[in-house]
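These values consider heavy atoms only, across backbone and side chains, with no hydrogens, waters or symmetry-generated copies. For the single chain, residues carry numbers from 1 onward in sequence order.
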Amino acid sequence: MTFVILACALPSYGLWWPFFVVLFYILAPIPTLLAKRYTEHSNTSNACLETAIFITMGIVVSSFALPIVLARSPDPEPTIKWGACYLTLAGNVVVYLTLYGFFISFDHEDDYNMW
């Protein structure tokens, strides 16, 4: 989140458009959490879980695409500068690696053998 806030608050960038990726951070884990909550725990393929993962990946890709689209806007001046775009992309990587680590570490059935 620090990278995203820096992309918005630094005086050379000064726009809060990159902060809209926080909406994607909130929406990204919801389909997978709901699908894992309402599916049986088996090793076979499950259509509900596969659809939830597909929707989650669409949200993740959208959060990476938004700053790039804002930086490449065809106005006389782009909506955000490329430095803000790079900071937002770095923030995306950190946030999604954290979410991935959360799902990996808490996916196990037993509570005492996390490592």
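At least one side-chain heavy atom of Ile26 sits less than 4.5 Å from a side-chain heavy atom of Val22. Side-chain contact check for Pro67 versus Pro18: every heavy-atom pair is 4.5 Å or farther apart. Within the 4.5 Å cutoff, side-chain heavy atoms of Leu87 are placed close to those of Leu10. By the 4.5 Å heavy-atom criterion applied to side chains, Val61 and Phe64 are not counted as neighbours. Thr88 has its side chain out of reach of Phe19: every pair of non-hydrogen atoms, C-beta onward, lies at least 4.5 Å apart. No side-chain heavy atom of Tyr86 sits under 4.5 Å from any side-chain heavy atom of Lys81. Side chains of Ser63 and Tyr96 form a contact here, defined as non-hydrogen atoms less than 4.5 Å apart.
With rounding to the nearest 0.5 Å, the separation of NZ in Lys36 from CG in Asn46 is 11.5 Å.
Here the side chain of Thr32 pairs no donor or acceptor atom with the backbone of Pro29 at under 3.5 angstrom.
Closest non-hydrogen pair, Ser62 versus Phe24, comes out as CB-CE2, 3.8 Å. Among all heavy-atom pairs drawn from Val95 and Met1, the shortest one is CG2-N, 4.3 Å. Scanning all heavy atoms of the two residues, the minimum distance from Thr79 to Ser73 falls at N-OG, 3.0 Å. Residues Ala7 and Tyr13 approach most closely at O-CB, 3.5 Å, considering heavy atoms.
Note on Leu15 and Val21: same hydrophobic cluster, where clusters join Ile, Leu, Val, Met, Phe, Trp and Tyr whose side-chain heavy atoms are under 4.5 Å apart, directly or indirectly. Grouping the Ile, Leu, Val, Met, Phe, Trp and Tyr side chains by contacts below 4.5 angstrom, directly or via other members, places Leu97 with Ile5. Under the 4.5 Å side-chain heavy-atom criterion for Ile, Leu, Val, Met, Phe, Trp and Tyr, Leu23 and Val60 are members of the same hydrophobic cluster. No continuous path of ILVMFWY side-chain contacts below 4.5 Å connects Leu70 to Leu6, so the two sit in separate hydrophobic clusters. Under the 4.5 Å side-chain heavy-atom criterion for Ile, Leu, Val, Met, Phe, Trp and Tyr, Val94 and Leu27 are members of distinct hydrophobic clusters.
Note on ring orientation: taking the six-membered ring where Trp is involved, the planes of Phe20 and Trp17 are tilted (angle from 30° to 60°).
Within 6.0 Å of atom CZ in Phe3, 12 or fewer heavy atoms from other residues, nucleotides or ligands are found, so the atom counts as exposed in its surroundings.
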